[in-house]
Asker: 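Next up is a structure, given as structure tokens.
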Amino acid sequence: MLIYRILSEVDGVEDDFQLASEELDEETLFLVSQTFKALSDPTRIRILNLLFAKEYSVNEIADTLDLRQSTVSHQLRFLKNLRLVKYRREGTTLFYSYDDEHVMNMLKQTIEHAIHS
């Protein structure tokens with residue numbers, strides 16, 4: 001088995017990851033492909049980008065991004081099923097925020113890359 005070492009620096013702390021060159025199991029492959037699928041949709045990217053700043057209700061997201069409430073709800077359900085967003089209830093209102101720091105960092109880096117290309 002081959003082992004690859006990847007060094008990365010996060011918040012000034014060097015992390016040492018080891019990745020095996022073995023085949024990925026089906027569940028991992030599915031989750032990775034679903035995550036990229038989530039990030040391949042412009043509406044979902046817009047929603048996640050908005051959630052960088054703060055939490056929003058469905059109606060606030062719809063109003064801010066000029067989308068129908070049903071569209072936002074559908075996209076949030078998809079993102080929630082992948083555990084990319086979470087919500088908290090306040091009365092009858094649900095407030096959404098992002099739930100996966102790793103994916104949000106990847107999205108942020110991809111956006112920065114696109115802006116600087």
Side-chain angles (χ1 to χ4, degrees):
M1 168 179 25
L2 296 174
I3 301 292
Y4 298 98
R5 283 185 71 176
I6 299 174
L7 299 176
S8 68
E9 191 170 316
V10 179
D11 297 329
V13 177
E14 193 173 275
D15 291 324
D16 188 5
F17 298 97
Q18 292 186 350
L19 299 176
S21 64
E22 298 173 356
E23 278 293 314
L24 297 173
D25 62 72
E26 290 299 317
E27 182 181 355
T28 301
L29 283 171
F30 179 75
L31 288 173
V32 170
S33 68
Q34 288 299 106
T35 300
F36 279 104
K37 180 180 178 181
L39 297 177
S40 70
D41 181 85
T43 300
R44 290 191 287 263
I45 292 171
R46 292 176 69 207
I47 291 170
L48 288 170
N49 187 54
L50 186 65
L51 294 177
F52 268 123
K54 65 174 190 156
E55 65 179 16
Y56 285 86
S57 71
V58 173
N59 289 333
E60 290 172 330
I61 295 170
D63 291 343
T64 302
L65 299 179
D66 194 28
L67 297 168
R68 292 189 338 232
Q69 185 268 341
S70 61
T71 300
V72 172
S73 292
H74 173 76
Q75 299 300 344
L76 287 169
R77 186 171 35 260
F78 184 89
L79 294 168
K80 184 179 161 300
N81 287 340
L82 289 171
R83 296 188 311 259
L84 299 180
V85 299
K86 61 185 175 184
Y87 69 87
R88 70 172 181 84
R89 183 180 299 275
E90 192 173 294
T92 59
T93 305
L94 299 177
F95 289 92
Y96 284 85
S97 59
Y98 69 86
D99 194 26
D100 190 318
E101 189 81 29
H102 298 103
V103 172
M104 294 301 282
N105 285 333
M106 186 172 61
L107 177 60
K108 180 181 178 185
Q109 289 176 352
T110 305
I111 290 169
E112 289 172 354
H113 175 74
I115 291 170
H116 293 107
S117 292

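Side chains are part of it too, since the values below use all heavy atoms of this structure and drop only hydrogens, waters and symmetry mates.
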Asker: Counting heavy atoms not belonging to Phe30, are there more than 12 under 6.0 Å from its CZ?
Answerer: no
Asker: Can you list every side-chain hydrogen bond (donor to acceptor under 3.5 Å, both in side chains) pair that touches residues 75-91, not counting sequence neighbours?
Answerer: Arg44-Gln75, Glu55-Arg88, Arg88-Glu90
Asker: Would you give the length of the straight line joining atom CG of Asp99 to atom CG of Leu79, rounded to the nearest 0.5 angstrom?
Answerer: 11.0 Å
Asker: Does a side-chain heavy-atom distance below 4.5 Å link Leu94 with Tyr96?
Answerer: yes
Asker: Within this structure, what is the OG1-CG distance for the pair Thr93 and Asn59, rounded to the nearest 0.5 Å?
Answerer: 7.5 Å
Asker: Looking at OG1 of Thr71 and CG of Leu65, how far apart are the two atoms once the value is rounded to the nearest 0.5 Å?
Answerer: 11.0 Å
Asker: Under 3.5 Å, sequence neighbours excluded: what are the donor-acceptor pairs made by side chains of residues 110-117?
Answerer:
from: Thr110; atom 1: OG1; to: Met106; atom 2: O; distance (Å): 2.8
from: His116; atom 1: ND1; to: Glu112; atom 2: O; distance (Å): 2.8
from: Ser117; atom 1: OG; to: His113; atom 2: O; distance (Å): 2.6

Asker: So how far is it from His74 NE2 to Thr43 OG1, rounded to the nearest 0.5 Å?
Answerer: 9.5 Å
Asker: For the pair Asn105 (side chain) and Glu101 (backbone), establish whether a donor and an acceptor sit closer than 3.5 Å, ignoring hydrogens and angles.
Answerer: yes
Asker: Indicate, with yes or no, if Leu31 and Tyr98 share a hydrophobic cluster defined by side-chain heavy-atom contacts under 4.5 Å among Ile, Leu, Val, Met, Phe, Trp and Tyr.
Answerer: no
Asker: Tell me if a side-chain donor or acceptor on Thr64 pairs with a main-chain N or O of Ile61 at a distance below 3.5 Å.
Answerer: no
Asker: Is Ser40 reaching over with its side chain to a backbone N or O of Lys37, donor-acceptor style, under 3.5 angstrom?
Answerer: yes
Asker: Does Asp66 have any side-chain hydrogen bond (donor to acceptor under 3.5 Å, both in side chains) partners at least two apart in sequence or in another chain, and if so, which?
Answerer: none
Asker: In Å, rounded to the nearest 0.5 Å, how long is the span from CZ of Arg46 to CG of Leu51?
Answerer: 12.5 Å
Asker: Hydrophobic clustering (ILVMFWY, side-chain heavy atoms < 4.5 Å, transitive) - are Val58 and Phe95 grouped together?
Answerer: no
Asker: Would Asp25 and Leu29 count as a side chain to side chain contact (heavy atoms under 4.5 Å, CB included) here? Give the steps.
Answerer: CA-CA 6 Å; Asp25 62 72; Leu29 283 171; over 6 Å; no
Asker: Check whether any side-chain heavy atom of Asp100 sits under 4.5 Å from a side-chain heavy atom of Val85, and report yes or no.
Answerer: no
Asker: Less than 4.5 Å apart, any side-chain heavy atom of Phe52 and any of Leu107?
Answerer: yes
Asker: Just verifying a value: how many Å separate Gln34 CD and Leu39 CG, rounded to the nearest 0.5 Å?
Answerer: 11.0 Å
